[in-house]
Engineer: 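The structure under discussion is supplied below as structure tokens; questions concerning it will follow.
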Amino acid sequence: MGFARSMSGALASAMLCALSVSAASAQTLKAVKDRGELICGVSQGLAGFSIADDKGVWSGFDVDFCRAVAAAAIGDAAKVRFVPLSAAERFAALRDGKVDLLARNSTWTLSREIEFGIAFTGATFYDGQGFLVPRASSKTSAYELDGAKVCVQAGTTTKDNIVEFFAANSMKQELVELGSPAEALKAYEEGRCNVLSSDASQLHAERLRLAKPGEHVILADVISKEPLSPAVRDNDAQWGRIVTWVNFAMLQAEELGVSSKTIDAALQSKKPDVRWLVGTDGALGEGLGLTKDWAVRIVRAVGNYGEVYDRNVGDDSRLQIPRGLNQLWSSGGLQYAPPVK
Ligand SMILES: N[C@@H](CCC(=O)N[C@@H](CS)C(=O)NCC(=O)O)C(=O)O
């Protein structure tokens, strides 16, 4: 009796099913190319990172990352379908194949990788958890917050960090958990809490939505590491590599002075590192399953890392978040791309 016939029908079909799932799941690049569109999970609206305007046009740091991946993978940064996801639903949506990529101000943690079978592809933005308080409270440090009522968004790393930080410093707190950032901000504005806590980058964005932003301060202390990273399913190494190296290509471009303004000159460059990046030397793009000009497409579409940072959250944006840890390593920060060669 043959192997297949010796198994029960149900078992055989379960195995076939498992086979086809793993074959399909290792094919994200092919699925994206065949569809002609990248499906990218983003936030439901966070200025600077991912937000849609009244015409439904998305912008932000995470949005530009999705566009960069689309430029590299399908040659068109406009071919992205953005799927807004709440904090609570985002990782299951990725796991269940509802999106090809999650770029949603999500903190890279080991427990998330284990629980959801996902892989973070590398920190695009080093953040930390901070506190927003009314200026009139005269608080200047996180260590002065004993007894605070703290508004946080449910389903985030934020809540656990509060519990741990206050306990570790023998301070009391009362958590007020809300379902969305808008609700958290409203609760803070209405005085249902006297502290709003989240990733410091988000506090910069949320403060601008208050009636009088100048009457609120972001304390200098951060109480956690929040390396924000895109994520993919962990069963498709080729796709994971592409997403990882899109970020590195943008960093490498900044380090080499290759920008959306200098990209044509870069194609004529004799510098070996520039030639590797833009594909006039080597065959790295083909090795990734893309084309030799993959990095050129990225830089033309969204610019290098510094351009994306400045436009969305830095000097050229309303948020004005200092580069800080997100400076390149060569300028004293943590952003460091391995050799693109
Ligand atoms: N980086 C943290 C926090 C991320 C997060 O979702 N923050 C909330 C605000 S505290 C947010 O971005 N909300 C936007 C939304 O839900 O659309 C995490 O990964 O848990």
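We count ligands from 1, going down the list as the structure has it; atoms in each ligand are counted the same way. Because the structure is a prediction, the values reported are computed rather than measured.
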Engineer: Nearest protein heavy-atom contact for atom 3 (C) of ligand 1: which residue, which atom, what distance?
Structural biologist: D199 OD2, 3.6 Å
Engineer: Tell me the protein heavy atom at minimum distance from atom 12 (O) of ligand 1, and give that distance in Å.
Structural biologist: N105 ND2, 2.7 Å
Engineer: Give a yes-or-no answer on whether the side chains of S106 and R112 include a donor-acceptor pair shorter than 3.5 Å.
Structural biologist: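 No, no side-chain donor-acceptor contact under 3.5 Å.
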Engineer: Side chain, backbone, both or neither: which applies to K159 and ligand 1 if a contact is any heavy-atom pair less than 4.0 Å apart?
Structural biologist: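 Neither part.
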Engineer: For E206 and ligand 1, answer yes if some heavy atom of the residue is under 4.0 Å from a ligand atom, otherwise no.
Structural biologist: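 Heavy atoms of E206 never come under 4.0 Å of ligand 1.
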Engineer: Using a 4.0 Å heavy-atom threshold (strictly under), name the region of L228 that reaches ligand 1: side chain, backbone, both or neither.
Structural biologist: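 The answer is the side chain.
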Engineer: Closest by any non-hydrogen atom to atom 20 (O) of ligand 1: pick that one out of E226, Q153, R112.
Structural biologist: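 Result: the heavy atom closest to atom 20 (O) of ligand 1 is in R112.
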Engineer: So, Y143 versus F165, ring centres under 6.0 angstrom or not?
Structural biologist: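 Under 6.0 Å, so yes.
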Engineer: Identify all side-chain donor-acceptor contacts of residues 170-179 below 3.5 Å with residues at least two apart in sequence or on another chain.
Structural biologist:
from, atom 1, to, atom 2, distance (Å)
Q173, OE1, L175, N, 3.4
E177, OE2, K159, NZ, 3.4

Engineer: For atom 17 (O) of ligand 1, what's the nearest protein heavy-atom neighbour? Residue, atom name and distance, please.
Structural biologist: Q44 N, 2.7 Å
Engineer: State whether F49 and R104 meet the cation-pi test: NZ (Lys) or CZ (Arg) under 6.0 Å from the six-membered ring centroid, and within 45° of the perpendicular axis.
Structural biologist: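 Relative to the ring axis of F49, which defines the angle, R104 lies outside at least one limit.
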Engineer: Is the shortest distance from a heavy atom of P181 to ligand 1 less than 4.0 Å?
Structural biologist: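 Under 4.0 Å: yes for P181.
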Engineer: Write out the residue and atom name of the closest protein heavy atom to atom 9 (C) of ligand 1, then the distance separating them to 0.1 Å.
Structural biologist: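 Ranked first by proximity to atom 9 (C) of ligand 1 is Q202 OE1, 2.7 Å.
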Engineer: Decide yes or no for W329 and Q335: does some side-chain heavy atom of the first lie under 4.5 Å from some side-chain heavy atom of the second?
Structural biologist: no
Engineer: Do N312 and D64 have side-chain N/O donor and acceptor atoms under 3.5 Å apart?
Structural biologist: yes
Engineer: Side chains of E113 and W108: any donor to acceptor distance under 3.5 Å?
Structural biologist: yes
Engineer: Answer with side chain, backbone, both or neither: which part of L46 has a heavy atom less than 4.0 angstrom from an atom of ligand 1?
Structural biologist: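 It is the side chain that touches ligand 1; the backbone stays farther off.
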Engineer: So which heavy atom in the protein is nearest atom 15 (C) of ligand 1, and how far is it from that ligand atom?
Structural biologist: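 Scanning the protein heavy atoms, the shortest distance from atom 15 (C) of ligand 1 goes to R104 NH2, 3.0 Å.
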